[in-house]
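In what follows, a structure is listed as structure tokens, so that the remarks can point back to it.
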Amino acid sequence: MTNFFAIPAFIIKYQTAPLAEPRARYLHHLKGLGTCRTTLRKSANDQLSLVLLLDLREGDRVSIPRIEAAAAIWSQPKGRRCNRAASPKARKRFVSCGIQWLRFLGWLDEPEEYRHLYHAEVETFEGSLRTDRGLSDATVQSYRVGLRREDVLRLLASVQEDRPVDKRDRTILMLFIAYGLRAGEVGGLRLDDFDWENGMVRVRCPKPGRTHFWPLSQGLGHAILRYIREARPSGFGRSLFFTSHAPIRPLASRTLGKMVRDRLAGIGIVSGRRGPHALRHAAAQHLLDRFWIGGVCLILCGAWNFTFTKDH
């Protein structure tokens with residue numbers, strides 16, 4: 001704890017409050033994932049408030065509605081030792097922090113429909129990581145926390161302002177989410193890669209050394225054109241995305257990664273894999289889920305058709 005916080009009074013309060021060990025364990029997990037000290041402090045405050053508001057005890061099962069109810073109290077004036085109400089953004093962060101902390105501990109009471117479609121397979125994979133590869137609990141947990149589809153949509157909805165940087169970041173996020181691209185692939189896009197007449201975009205994939213052509217949706221095409229016309233710096237080359245402040249230069253993969261992590265932290269997602277690769281995995285999972293649902297529908301339709309033909 002002394003490595004995370006500088007105020008002795010807060011350290012004492014944090015360590016003497018209920019559930020000190022489970023709270024500290026999660027903070028160490030976040031620190032191991034590279035979480036900055038500012039975010040760690042916010043998470044620690046949110047943990048402590050949640051414990052006190054819900055009177056949590058070791059092993060309690062907590063539902064998401066209970067966390068949201070605690071957030072409603074916490075966000076009121078003086079509900080968090082502050083004379084003004086919390087912003088919607090801060091309230092979302094509080095809820096997200098509580099969900100992810102309790103899920104990390106295995107204390108989150110999630111309805112069956114919230115579970116992963118491949119929950120059994122994930123559990124088997126987790127066991128393999130622990131026994132066959134000898135990975136630590138923190139590493140295994142980081143593998144398990146991928147982004148949910150609702151979190152991805154919430155991320156995109158959070159970038160709605162009209163500043164040039166928001167127009168740029170929203171376009172970049174749409175590319176990550178729609179195509180599951182790598183940071184290097186997005187950073188390598190150029191104006192010449194867009195075939196507006198045929199509605200196609202060319203993507204160079206440095207890792208396998210190939211070039212792919214993807215259909216360009218109307219919504220994504222509109223976002224790209226808006227960024228080019230209203231926010232993209234001109235006179236600095238043919239690259240698509242540039243930094244928003246001097247020195248103006250094409251966005252590097254590292255900068256894209258930081259942008260995604262900062263945007264996710266802005267909606268309260270501070271644990272697990274949080275870079276562009278998390279959005280890539282989320283895109284793949286979304287496609288897999290749709291394939292699974294479509295496959296079930298085909299099987300059910302086939303079974304119904306077989307029964308109908310047999311009976312008639």
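As the structure is a computational prediction, the values presented were derived from the model and not from experiment.
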Assigning hydrophobic clusters by single linkage (Ile, Leu, Val, Met, Phe, Trp, Tyr; side-chain heavy-atom cutoff under 4.5 Å), is [X] placed with [Y]?
{"X": "Val159", "Y": "Leu225", "answer": "yes"}
{"X": "Phe213", "Y": "Leu175", "answer": "no"}
{"X": "Trp196", "Y": "Leu191", "answer": "yes"}
{"X": "Val186", "Y": "Val165", "answer": "no"}

Counting distance only, does the side-chain N/O of [X] pair as donor-acceptor with the main-chain N or O of [Y] below 3.5 Å?
{"X": "Asn45", "Y": "Arg41", "answer": "yes"}
{"X": "Thr243", "Y": "His245", "answer": "yes"}
{"X": "Arg249", "Y": "Pro247", "answer": "yes"}
{"X": "Arg103", "Y": "Gly98", "answer": "no"}
{"X": "Gln15", "Y": "Ile12", "answer": "no"}

Closest non-hydrogen atom pair, [X] against [Y]:
{"X": "Ser244", "Y": "Arg168", "value": "N-NH1, 3.5 Å"}
{"X": "Phe194", "Y": "Val201", "value": "CE2-CG2, 3.5 Å"}
{"X": "Val260", "Y": "Leu279", "value": "CG1-CD1, 4.0 Å"}
{"X": "Met174", "Y": "Ala223", "value": "SD-CB, 3.7 Å"}
{"X": "Leu256", "Y": "Gly187", "value": "CD1-N, 3.7 Å"}
{"X": "Arg23", "Y": "Gln47", "value": "O-NE2, 3.2 Å"}

Within-4.5 Å side-chain heavy-atom neighbours: [X] and [Y]:
{"X": "Val203", "Y": "Tyr179", "answer": "no"}
{"X": "Leu181", "Y": "Arg280", "answer": "no"}
{"X": "Ile172", "Y": "Phe241", "answer": "yes"}
{"X": "Arg202", "Y": "Asp195", "answer": "no"}
{"X": "Arg210", "Y": "Arg204", "answer": "no"}
{"X": "Met200", "Y": "Leu216", "answer": "no"}
{"X": "Lys89", "Y": "Arg93", "answer": "no"}
{"X": "Leu50", "Y": "Trp101", "answer": "yes"}

task: Take Glu185 and His212 through the test side-chain contact (heavy atoms from CB on, under 4.5 Å) and record every step on the way to the result.
output: CA-CA 11 Å; Glu185 294 165 355; His212 297 289; over 6 Å; no
Taking [X] first and then [Y], would you say they form a salt bridge - that is, a charged N and a carboxylate O separated by under 4.0 Å?
{"X": "Asp46", "Y": "Arg91", "answer": "no"}
{"X": "Glu150", "Y": "Arg154", "answer": "no"}
{"X": "Lys167", "Y": "Glu230", "answer": "yes"}
{"X": "Asp166", "Y": "Arg263", "answer": "yes"}

task: If a pair satisfies salt bridge (charged side-chain N to carboxylate O under 4.0 Å, His left out) and one of its residues is in residues 63-77, list it, with sequence neighbours excluded.
output: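 Passing the test, one end in residues 63-77: no pairs.
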message: Here's a test for you: under side chain to side chain donor-acceptor pair (under 3.5 Å), which of His29, His28, Glu21 qualifies with Arg25?
response: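 In the set His29, His28, Glu21, the residue that makes a side chain to side chain donor-acceptor pair (under 3.5 Å) with Arg25 is Glu21.
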Between [atom1] on residue [X] and [atom2] on residue [Y], distance to nearest 0.5 Å:
{"X": "Ser43", "Y": "Leu30", "atom1": "OG", "atom2": "CG", "result": "5.5 Å"}
{"X": "Leu155", "Y": "Ile267", "atom1": "CG", "atom2": "CD1", "result": "5.0 Å"}
{"X": "Asp109", "Y": "Leu102", "atom1": "CG", "atom2": "CG", "result": "10.5 Å"}
{"X": "Ser158", "Y": "Lys92", "atom1": "OG", "atom2": "NZ", "result": "7.5 Å"}
{"X": "Leu240", "Y": "Asp193", "atom1": "CG", "atom2": "CG", "result": "8.5 Å"}
{"X": "Arg254", "Y": "Met259", "atom1": "CZ", "atom2": "CE", "result": "16.0 Å"}

- prompt: Quick check: are there more than 12 heavy atoms from other residues, nucleotides or ligands sitting under 6.0 Å from CH2 of Trp214?
  reply: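 Atom CH2 in Trp214 is not crowded, with 12 or fewer foreign heavy atoms closer than 6.0 Å.
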query: Taking it one step at a time, do Ser49 and Phe94 satisfy side-chain contact (heavy atoms from CB on, under 4.5 Å)?
result: CA-CA 9 Å; Ser49 297; Phe94 181 90; 3.8 Å; yes
